[in-house]
Amino acid sequence: MTESDSLTAAPTNFILSRIRAEVEAGRYDRVVTRFPPEPNGYLHIGHAKSIVLNFSVAGAFGGYTNLRFDDTNPAREEQRFIDSIKEDVRWLGYTWENERYASDYFEALYGFALHLIDNGWAYVDSQDADTIRAQRGTLTEPGVNSPDRDRPAAENRDLFERMRAGEFPDGAYVLRAKIDMAAPNINLRDPVLYRIRRQYHHRTGDDWLIYPTYDFAHGQSDAIEHITHSLCTMEFEDHRPLYDWLIEHLPVPSRPVQIEFAKLNIDFTVLSKRRLTRLVSEGHVAGWDDPRMPTLAGLRRRGFTPASIRNFCNEIGVTKSEGIIPYGVLERQLRDDLNARAPRRMAVLHPLRVVLTNFPENETEWFEAANHPQDPGMGTRHVPMTREIFIEQDDFREEAPRKFFRLKPGGEGRLRNAFIIRCDEVLKNDAGEVIELRCILDPDSRTGGPNADRKVKGTLHWVSAEHSIPAEVRLYDRLFNVPHPAGDRERDFIEHLNPESLQILDGARLEPELATATAGDFFQFERLGYFVPDLNTRPEGLVFNRAVTLRDTWAKLEKELAGV
RNA sequence: UGGGCCGUCGCCAAGCGGUAAGGCACCGGGUUUUGAUCCCGGCAUUCGCAGGUUCGAAUCCUGCCGGCCCAGCCA
């Protein structure tokens with residue numbers, strides 16, 4: 001594995017080992033998979049699991065992966081989603097072999113439908129949707145045959161050709177497979193294969209007025225592309241008999257097999273396209289790429305790296321049992337990746353003015369600071385120190401609790417990369433709030449000085465009041481305040497939205513080095529977390545997003561102390 | 001109550017008849033000018049439950065229990 005990454009070195013799982021056995025038995029000389037999104041929304045972290053799986057499976061056996069858009073329903077698909085999906089897959093680090101569309105195969109699929117009709121395995125039904133539904137039976141009762149079920153093949157062919165020709169309105173007819181209305185598996189009760197949709201398609205335009213259903217399009221598309229293993233989520237397990245039935249009854253060029261795995265769930269978020277679409281369309285978030293969204297676009301904007309997401313997918317594994325992964329697991333992967341690679345900087349989110357009483361006025365002293373404490377190769381930069389600086393409000397307590405070892409009246413603290421100071425005086429406003437500290441510095445404690453190694457418990461980050469630059473900083477918290485917002489049967493998941501998921505700070509001060517940061521950069525603001533410039537940051541209006549905090553043992557301790 | 005699937009530590013997850021991997025979390029301890037990182041150590045006599053088969057079962061059989069999915073002309 002390179003760096004903290006694993007593009008292809010996925011840990012094993014039941015799919016990988018099954019295919020390995022097949023390959024070793026000589027059943028395949030190469031493995032071809034496909035990632036088949038429907039272009040009706042943005043990709044989310046759940047899709048990432050599928051992408052990583054598909055690409056790593058094919059890659060492990062010298063094969064490749066196609067990107068295939070499952071665009072069989074023109075009513076809800078759009079070009080902009082195709083664009084975003086391609087961008088996201090590329091960003092994740094994967095390169096597909098072929099870019100394909102189910103709509104590329106409409107003509108071939110139509111031919112397959114004719115084949116079924118001619119062999120008496122499909123028929124045109126003239127009943128409306130409600131009637132068909134009523135005849136399908138229930139979970140416990142068998143369905144009943146359609147009166148059109150025994151329509152002669154020639155008549156079926158004629159009707160189907162006229163469906164294509166546009167002679168009928170939407171819903172007038174459907175093509176159905178003739179399987180078994182009494183099958184315990186409802187998907188086998190004469191499933192609909194084609195429906196009339198007089199609708200413009202984003203790729204085929206007005207060429208088609210009938211469109212195949214997922215069940216009819218998917219497996220056959222797999223076969224046409226010589227996909228060897230069609231990996232999908234568990235809810236399609238019931239469709240596998242139909243998938244196989246169609247492959248067996250059609251003159252397809254290859255015989256792919258479908259394997260199902262459990263989809264991803266993460267706590268405190270939702271991962272279904274339907275719900276994500278609602279968050280966007282109802283305006284609960286700023287868009288598909290809102291940094292609070294679990295979409296790849298949102299995670300990217302938030303500051304997540306492709307490697308962190310890939311590593312996450314590999315860490316959680318692939319099985320058939322559905323579980324809920326704590327959001328913290330994803331966050332830790334980001335920390336792991338960025339800890340190794342992010343340059344360190346100092347930034348103060350909630351500034352508290354500190355005057356260093358024995359530091360000369362109008363002077364600037366530059367301190368050299370390592371860009372990474374464990375990686376000297378990342379170099380150093382210089383940070384300016386002046387008589388007036390800002391420290392974090394949280395780093396001073398007038399009434400310090402037990403075990404609080406930052407600054408307090410009369411106490412000492414070390415200014416990171418600089419020297420040790422002692423708090424001599426606390427200035428307050430009329431409201432009694434602390435507005436300024438007067439501190440004296442120990443000149444011998446300068447980095448490299450004779451007293452530099454003096455033991456002082458707390459180390460504080462700081463910026464020069466004069467040299468620091470202002471910035472807006474956006475802090476994010478979980479989008480929902482319950483572990484499983486989609487699992488509530490009484491209340492709509494929207495009701496569980498966390499009203500404090502976004503906090504905007506407009507008074508942050510950054511060390512001057514950060515002035516030139518642009519989208520795509522990433523930093524660790526020491527003692528605070530990992531931050532990235534937002535997509536819309538500008539030199540004259542810096543905006544940073546907090547991707548994730550650092551592990552904060554003190555926050556945890558303090559909570560425990562307060563609780564007991 | 002029909003069909004399909006799942007149930008191994010708080011969360012993931014190996015294991016596939018020979019006597020419970022690993023990761024995360026958590027709890028100790030060490031290093032540290034980030035209460036970060038890093039390092040060391042601890043952490044299931046037990047595999048949803050109950051029977052059975054076997055010298056031997058998480059692994060095989062039977063029966064229960066719990067959870068998820070399916071009745072779109074969505075995917």
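On a predicted model such as this, the values are computed, not experimentally measured, just so you know.
Under the stacking definition used here (centres under 5.5 Å, planes under 30°), the residue A:Y214 fails to qualify as stacked on the base of B:A75.
Of the residues A:Q135, A:K178, A:M181, A:R189, the one that meets the side chain to side chain contact (heavy atoms under 4.5 Å, CB included) test with A:N145 is A:M181. Among A:D71, A:T204, A:D70, the one residue that satisfies the side chain to side chain donor-acceptor pair (under 3.5 Å) test with A:S103 is A:D71.
Side-chain atoms of A:H47 come within 3.5 Å of backbone N or O of A:H44 as a donor-acceptor pair. Distance alone, capped at 3.5 Å, is enough to place a donor-acceptor pair between the A:E392 side chain and the A:H350 backbone. Remark: side-chain polar atoms of A:S281 are paired, donor with acceptor, to backbone N or O of A:T277 under 3.5 angstrom.
The side chain of A:D238 lies closest to B:G3 when the candidates are B:G3, B:C74, B:G35. Residue A:E315 places its side chain closer to B:C24 than to any other of B:C5, B:C24, B:G2. Distances from the side chain of A:M234 to the nucleotides B:C5, B:U37, B:C27 place B:C5 closest. For A:N73, counting side-chain heavy atoms from C-beta on, the closest listed nucleotide (B:G2, B:C68, B:A75) is B:A75. Distance from the side chain of A:I132 is smallest for B:C73 among the nucleotides B:A13, B:C73, B:C5. Considering only the side chain of A:T553, B:A36 comes nearest among B:G23, B:A36, B:C73. The A:T138 side chain lies nearest to B:A71 when the options are B:U33, B:C73, B:A71. Counting only heavy atoms from C-beta on, A:V174 has its side chain closest to B:C73 among B:U34, B:C5, B:C73. Closest contact between the side chain of A:I186 and the listed nucleotides B:A13, B:A71, B:U33 involves B:A71. For A:I316, counting side-chain heavy atoms from C-beta on, the closest listed nucleotide (B:C12, B:A36, B:G2) is B:C12.
Residue contacts for A:Q524: at a heavy-atom cut-off of 4.0 Å it reaches a base atom on one of the strands shown. In this structure, A:G323 reaches the sugar-phosphate backbone alone: every heavy-atom distance under 4.0 Å involves primed, P, OP1 or OP2 atoms, never a base. Counting non-hydrogen atoms under 4.0 angstrom, A:F404 reaches a base of the nucleic acid. Nucleic acid contact for A:R551: sugar-phosphate only, since backbone atoms but no base atoms lie under 4.0 Å from a heavy atom of the residue. Nucleic acid contact class of A:R406 (heavy atoms, under 4.0 Å, all strands): base. Residue A:E77 is out of contact with every strand shown, counting any heavy-atom pair closer than 4.0 Å.
Protein atom CG of A:D336 is 7 Å distant from nucleotide atom P of B:C38, rounded to whole Å. Atom CG in A:D170 sits roughly 9 Å away from atom C1' in B:C73 (whole-Å rounding). Rounded to a whole Å, the CG atom of A:D128 is 13 Å from the P atom of B:G72. One can place CD of A:Q333 at 12 Å from C1' of B:C12, the figure rounded to the nearest angstrom. Taking atom CG on A:D215 and atom C1' on B:C73, their separation rounds to 12 Å, with Å as the unit. With rounding to whole Å, A:E237 atom CD is found 20 Å from B:A75 atom P. Remark: P of B:G4 and CG of A:L242 are 16 Å apart, rounded to the nearest angstrom. Rounded to whole Å, the distance from CG on A:L557 to P on B:C26 is 13 Å.
Between A:Y194 and A:Y211, the distance separating the two ring centers is not shorter than 6.0 angstrom. The ring of A:F525 has its center closer than 6.0 angstrom to the ring center of A:F544. Centroid-to-centroid, the aromatic rings of A:Y530 and A:F522 stay 6.0 Å apart or farther.
Taking only side-chain nitrogens and oxygens, A:K556 comes nearer than 4.0 Å to OP1 or OP2 of B:C26. Here A:K455 reaches the OP1 or OP2 of B:U33: one of its side-chain N or O atoms lies under 4.0 Å away. Here A:T319 reaches the OP1 or OP2 of B:A13: one of its side-chain N or O atoms lies under 4.0 Å away. Checking the phosphate oxygens (OP1, OP2) of B:A36, no side-chain nitrogen or oxygen of A:R332 falls inside 4.0 Å. Side-chain nitrogen and oxygen atoms of A:R335 include none within less than 4.0 Å of the OP1 or OP2 phosphate oxygen of B:U37. Residue A:T72 places at least one side-chain N or O closer than 4.0 Å to OP1 or OP2 of B:A75. For the pair A:R527 and B:G35, the criterion of a side-chain N or O lying under 4.0 Å from OP1 or OP2 is met. In terms of phosphate contacts, A:R195 brings a side-chain nitrogen or oxygen within less than 4.0 Å of OP1 or OP2 of B:A75. The phosphate of B:A14 (OP1 or OP2) has no side-chain N or O of A:T12 nearer than 4.0 angstrom. For the OP1/OP2 pair of B:U34 and a distance below 4.0 Å, the side-chain nitrogens and oxygens of A:R344 include no atom meeting the criterion. A sub-4.0 Å separation between OP1 or OP2 of B:G72 and a side-chain N or O of A:R136 is present.
Searching all strands for a Watson-Crick or G-U wobble partner of B:U34 with both distances below 3.5 Å returns nothing. Checking B:C68 for Watson-Crick or G-U wobble geometry (two distances, each under 3.5 Å) identifies B:G4 as its partner. Under the Watson-Crick and G-U wobble criteria, each requiring two contacts below 3.5 Å, nucleotide B:U59 is left unpaired.
Side-chain to base pairing of A:R133 with B:G72: no donor and acceptor N or O lie closer than 3.5 Å to each other. Contact annotation: side chain of A:H239 to base of B:A75, donor-acceptor pair present below 3.5 Å. At a cut-off of 3.5 angstrom, the base of B:C73 holds no donor-acceptor pair with the side chain of A:R197.
Residue-to-nucleotide proximity on RNA chain B shows that, of A:K263 and A:V192, the 5′-proximal contact is made by A:K263.
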Output, in order, the C-alpha distance, side-chain angles, deciding distance and verdict of side chain to side chain donor-acceptor pair (under 3.5 Å) for A:Y173 and A:Q127. CA-CA 7 Å; A:Y173 293 96; A:Q127 302 178 106; over 6 Å; no
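The glycosidic torsion of B:G41 lies more than 90° away from 0, placing the base in the anti range.
Nucleotides B:C11 and B:G51 place their P atoms 26 Å apart, quoted to the nearest Å. When the C1' atom is used for both B:C24 and B:A13, the distance is 11 Å, rounded to whole Å. If you take atom C1' in B:C5 and the same atom in B:G48, they sit 16 Å apart, rounded to whole Å.
Non-hydrogen atoms lying under 4.0 Å from RNA chain B are contributed by A:T447, A:A452, all within residues 441-453 of chain A.
Shown here is A:K320, whose NZ atom has more than 12 heavy atoms of other residues, nucleotides or ligands within 6.0 Å. Surrounding CZ of A:R422 are at most 12 heavy atoms belonging to other residues, nucleotides or ligands under 6.0 Å away.
Side chain to side chain, A:N40 and A:E77 fail the donor-acceptor criterion of an N or O pair below 3.5 Å.
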